[in-house]
Amino acid sequence: MQSELIKNDFNEIALLDDKNKWNHNNCYYKSLIKLIPENAVNCLEIGCGKGDLSVLLSKKCRNVIAVDFSENMIAYAKNSNSRKNISYICADILDFNFSDMTFDVIISVATVHHLPDDWIFEFALRKLNKGGKLIILDIPRSDSIPEKIFWGFAVIPNF
């Protein structure tokens, strides 16, 4: 039920016109791309959204598999950010099956907090090639009132 609510939210977000707008995720893309090894062949992007990062990944990796469970996000990505070496897949990553030791890079931006605790680490251990990289940029969980106040100040640079 929770995942259906999240999916519906992201289907609505996909319809918003924000192509050239700054957001708290895309400001980190250049830094994330620098973490991709030069010899990366296969890359998995979990929660690809509209495909903006997928395009950047496609310039560094031979093959990019970009997965999102929002139909509207995938439709937008295919329409606006398609490249020959990107495969956009509409699926719940928890249900999608990949062979072990398939990827040189697994990357996720603002998605891991929607997944079961520790799932990404177990998944990465099985699916990454030896020496592969797991790159995560996500929202931290705040468990205490001081942490919530501290993270609340992150709003200031966004104005």
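What you see is a predicted model; the values in this text were computed from it and never measured. Because only heavy atoms are used, hydrogens play no part in the values below, and waters and symmetry mates are left out as well, while side chains stay in.
Note: Phe123 and Trp119 have parallel aromatic rings, judged against thresholds of 30 and 60 degrees for the angle between ring planes.
Around CZ of Arg62, the count of heavy atoms belonging to other residues, nucleotides or ligands within 6.0 Å does not exceed 12.
With sequence neighbours excluded, no residue forms a salt bridge (Lys or Arg N to Asp or Glu O under 4.0 Å) with Glu122. Phe121 is linked by a ring pair (Phe, Tyr, Trp, His ring centres under 6.0 Å) to nothing, counting only residues two or more places apart in sequence or in another chain.
The main-chain N or O of Ile46 is found under 3.5 Å from a side-chain atom of Ser108 such that the two form a donor-acceptor pair. When atom types are taken as modelled, the side chain of Thr111 and the backbone of Val109 share a donor-acceptor pair closer than 3.5 angstrom. For Ser70 (side chain) and Met73 (main-chain N/O), a donor-acceptor pair under 3.5 Å exists by modelled atom type.
Of the candidates Ile107, Asp68, Ile86, Ile86 is the only one forming a side-chain contact (heavy atoms from CB on, under 4.5 Å) with Ser54. With Ile65 as the partner, the side-chain contact (heavy atoms from CB on, under 4.5 Å) test is satisfied by one option alone out of Phe96, Tyr88, Phe103: Phe103.
Nearest heavy atom pair, residue Ile36 against residue Cys61, reads CG2-SG, 3.7 Å. Residue Ser58 comes nearest to Arg83 through the heavy atom pair OG-CG, 3.9 Å, listed as atom of the first residue, atom of the second, then distance. Heavy-atom minimum distance, Leu128 versus Leu134: CD1-N, 3.9 Å.
Met101 contributes atom CE, which lies 12.5 Å from atom CG of Asn42 (distance to the nearest 0.5 angstrom). Taking CD from Glu45 and OG from Ser87, the interatomic distance works out to 12.5 Å, rounded to the nearest 0.5 Å. Note: His114 NE2 to Phe69 CZ = 7.0 Å, rounded to the nearest 0.5 Å.
Cluster annotation: Ile106 is connected to Leu94 through the hydrophobic network of ILVMFWY side chains, with a link wherever side-chain heavy atoms come within less than 4.5 Å. Hydrophobic clustering of Ile, Leu, Val, Met, Phe, Trp and Tyr side chains at less than 4.5 Å, counting indirect connections, keeps Val105 apart from Val41.
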For Leu32 and Leu137, what are the C-alpha separation, side-chain angles and deciding distance, and is it a side-chain contact (heavy atoms from CB on, under 4.5 Å)?
-> CA-CA 8 Å; Leu32 294 174; Leu137 174 66; 4.1 Å; yes
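Taking a cutoff of 4.0 Å between a charged side-chain nitrogen and a carboxylate oxygen, Lys133 and Asp104 do not qualify as a salt bridge.
At a threshold of 4.5 Å between non-hydrogen side-chain atoms, the residues Ile136 and Ile120 count as touching. The shortest distance between side-chain heavy atoms of Lys127 and Leu44 does not fall below 4.5 Å. Between Glu38 and Lys60, some side-chain heavy-atom pair lies under the 4.5 Å cut-off. Between Cys48 and Ile74 the shortest side-chain heavy-atom distance falls below 4.5 Å. In this structure, the side chains of Leu53 and Ile33 come closer than 4.5 Å at one or more pairs of heavy atoms.
Side-chain polar atoms of Asn85 and Asn63 form no donor-acceptor pair below 3.5 angstrom.
The side-chain tip of Lys50 points at the ring of Tyr76 from less than 6.0 angstrom away and within 45° of straight on.
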